[in-house]
Amino acid sequence: MYNDRPTIIANWKMNPTNYADVIDLFNLYCQEFNSNRIDPKFNLIVAPPTMYLFPLFKFLTSQNLNQKLNSIFLSGQNFCCEPKGAFTGDTSIEMLQDLGIKFSILGHSECRKYYKETDEIIAIKMLLALQSNIIPIVCIGETQEQFVQGDKVIKAFLKQQLLVVIKKIENLLNNIPSAANAKNKINKFAKCFFIAYEPVWAIGNGANVDVNYIQQNIDYIQHVISSYLINKIDSDLKYYILYGGSVNHNNAKELFKIRNLGGVLVGGASLKFEQFKEICANA
Ligand code: PGA
């Protein structure tokens with residue numbers, strides 16, 4: 001169900017705030033994809049507010065448009081780390097699955113900040129996602145405070161965020177008796193995961209982040225995932241690294257040149273269709 005094309009994720013956060021605008025915006029996305037103007041040489045993943053997932057899922061499946069729309073997917077913005085029960089205001093992973101949702105963002109810096117999500121909680125959710133065949137999009141990134149302390153602190157922090165998640169996957173695999181079983185087990189997993197590198201200080205403010213800086217950190221993230229996870233497990237689990245943080249129509253071209261970048265995660269600019277279109281055109 002997934003492929004190696006670049007991925008563009010539109011994180012609408014808590015926008016738009018009415019149904020008509022949600023449908024209008026999504027319709028524009030679909031029409032543009034369906035026209036000849038955009039060749040879907042990339043995957044588009046749209047993460048609307050939870051309550052609009054179902055109407056958009058229905059909208060997408062009811063569109064009698066050509067197969068280019070097969071490259072549009074829907075994603076949750078988060079889900080609960082418990083399967084069901086007394087968790088007022090939350091959404092369970094089973095609910096996402098039930099609606100045919102195949103992706104979920106996890107560990108977004110806004111959830112870490114406002115809802116006090118920890119690396120440990122995010123790792124539990126990631127594992128749940130993989131086991132439920134939902135592809136997790138896990139956000140990591142240094143804060144302003146870490147950024148000003150320089151490269152060593154930034155890398156140590158990225159590694160720490162990654163290792164909590166990696167350890168959980170490793171533990172699960174190690175608890176399975178034989179290698180053959182491990183392979184079997186992981187075959188039931190979602191076949192891949194995303195890590196979205198989002199420097200927190202660059203989110204939502206139009207920051208002009210140096211692409212060399214991003215490249216360095218993408219390389220480092222790749223190094224950590226390969227050496228601590230992928231090279232250690234006997235599985236075809238794949239991963240893609242994305243960049244997010246003030247992605248816009250002015251910087252998209254340069255960002256897509258970054259080596260080994262699997263795509264971008266777009267917040268604010270995904271709500272401004274004309275700008276978003278330009279970002280997509282650069283994929
Ligand atoms: P931004 O948001 O593109 O508005 O900076 C990105 C994000 O929060 O994921």
Side-chain angles (χ1 to χ4, degrees), residues 6-17 21-22 25-26 28-29 42-50 52-53 73-79 101 103-117 119 122 125-126 129 135-147 157-158 161-162 165 193-211 213-214 217-218 221 240-256 258 261-283:
T7 296
I8 299 179
I9 301 182
N11 177 14
W12 289 359
K13 309 191 180 189
M14 202 166 67
N15 303 291
T17 52
D21 288 351
V22 166
L25 183 60
F26 195 62
L28 285 172
Y29 278 31
F42 61 94
N43 304 298
L44 175 59
I45 302 178
V46 183
T50 309
Y52 296 127
L53 275 171
F73 303 92
L74 288 166
S75 167
Q77 293 182 4
N78 200 357
F79 59 80
I101 307 303
F103 297 84
S104 184
I105 296 174
L106 292 174
H108 191 279
S109 64
E110 286 146 21
C111 300
R112 292 176 187 262
K113 181 175 171 192
Y114 301 125
Y115 311 131
K116 310 285 178 256
E117 286 203 341
D119 287 329
I122 292 154
K125 291 183 181 187
M126 181 179 184
I135 298 177
I137 303 154
V138 179
C139 304
I140 62 167
E142 76 282 4
T143 61
Q144 170 74 25
E145 200 188 327
Q146 287 141 359
F147 174 62
F157 183 71
L158 294 176
Q161 287 192 314
L162 284 168
V165 159
F193 62 91
F194 288 87
I195 296 292
Y197 169 54
E198 301 205 292
V200 178
W201 53 271
I203 292 178
N205 54 16
N208 221 338
V209 187
D210 178 5
V211 283
Y213 177 80
I214 301 172
N217 289 331
I218 297 286
I221 290 167
Y240 303 90
I241 305 171
L242 310 174
Y243 170 75
S246 297
V247 177
N248 59 49
H249 60 298
N250 294 318
N251 60 18
K253 193 169 177 182
E254 285 308 302
L255 291 173
F256 278 111
I258 292 175
L261 190 76
V264 292
L265 199 160
V266 190
S270 68
L271 298 165
K272 299 174 194 129
F273 182 66
E274 288 306 316
Q275 291 188 17
F276 189 60
K277 220 164 71 174
E278 268 194 64
I279 296 172
C280 294
N282 281 296

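Both ligands and their constituent atoms are indexed starting at 1 by order of listing. The structure displayed is predicted, hence computed values, not measured ones.
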**Student:** Decide whether Asn282 and Glu254 meet the rule of one side-chain donor and one side-chain acceptor closer than 3.5 Å.
**Tutor:**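 Side-chain D/A pair, Asn282 to Glu254: absent.
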**Student:** Judged by atom type as modelled, is there a donor-acceptor pair below 3.5 Å linking the side chain of Arg112 to the main-chain atoms of Cys139?
**Tutor:**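 It does hold such a pair.
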**Student:** Out of all atoms in ligand 1, which are within 4.0 Å of some heavy atom of His108? Include the element for each.
**Tutor:**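 Counting atoms of ligand 1 from 1, those under 4.0 Å from His108 are 7 (C), 8 (O), 9 (O).
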**Student:** Which of the atoms of ligand 1 are close to Leu265, meaning less than 4.0 Å from one of its heavy atoms?
**Tutor:**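 Ligand 1 atoms under the 4.0 Å threshold to Leu265: 9 (O).
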**Student:** Any luck finding a side-chain donor-acceptor pair between Ser270 and Asn11 under 3.5 Å?
**Tutor:**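 No.
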**Student:** At less than 4.0 angstrom from any non-hydrogen atom of Gly245, what atoms of ligand 1 do you find?
**Tutor:**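 Here the atoms of ligand 1 in question are 5 (O).
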**Student:** Answer with side chain, backbone, both or neither: which part of Ile203 has a heavy atom less than 4.0 angstrom from an atom of ligand 1?
**Tutor:**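 Answer for Ile203: both.
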**Student:** Compute whether any side-chain donor of one residue and acceptor of the other, for Lys272 and Asn248, lie under 3.5 angstrom apart.
**Tutor:**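 Side chains of Lys272 and Asn248: no pair found under 3.5 Å.
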**Student:** Is Gly268 close to ligand 1, meaning an N/O of one under 3.5 Å from an N/O of the other?
**Tutor:**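 Indeed, backbone or side chain, Gly268 has an N or O that close.
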**Student:** Measure up the Trp201 and Phe147 rings against each other and bin them: parallel (under 30°), tilted (30 to 60°), perpendicular (over 60°).
**Tutor:**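 Parallel.
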**Student:** Do any N/O atoms on Gly204 end up under 3.5 angstrom from N/O atoms on ligand 1?
**Tutor:**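 Yes, at least one N or O pair falls under 3.5 Å.
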**Student:** Starting from atom 9 (O) of ligand 1, find the nearest protein heavy-atom neighbour and note its residue, name and distance.
**Tutor:**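 Residue, atom and distance for the closest contact: Glu198 OE2, 2.7 Å.
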**Student:** Given Leu74 and Phe103, is the side chain to side chain contact (heavy atoms under 4.5 Å, CB included) satisfied, shown in steps?
**Tutor:** CA-CA 7 Å; Leu74 288 166; Phe103 297 84; over 6 Å; no
**Student:** Would a distance-only check, ignoring hydrogens and angles, find a side-chain to backbone donor-acceptor pair under 3.5 Å from Asn251 to Ser246?
**Tutor:**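 Side chain of Asn251 to backbone of Ser246, a donor-acceptor pair under 3.5 Å: yes, one is there.
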**Student:** Flag Ser246 as yes when one of its N or O atoms lies below 3.5 Å from any N or O atom of ligand 1, and as no otherwise.
**Tutor:**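 Yes, there is a polar N/O contact under 3.5 Å.
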**Student:** Can you sort out which atoms of ligand 1 are near Asn11, meaning under 4.0 Å from one of its heavy atoms?
**Tutor:**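 Those qualifying, in numeric order: 9 (O).
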**Student:** Check whether any N or O atom of Ala269, backbone or side chain, sits under 3.5 Å from an N or O atom of ligand 1, and answer yes or no.
**Tutor:**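 No.
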**Student:** List ligand 1 atoms under 4.0 Å from Gly267, heavy atoms only on the residue side.
**Tutor:**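 The list of qualifying atoms is 1 (P), 2 (O), 3 (O), 4 (O), 6 (C).
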**Student:** For Glu274, is there an ion pair with Lys277 - N to carboxylate O distance below 4.0 angstrom?
**Tutor:**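 Glu274 and Lys277: salt-bridged.
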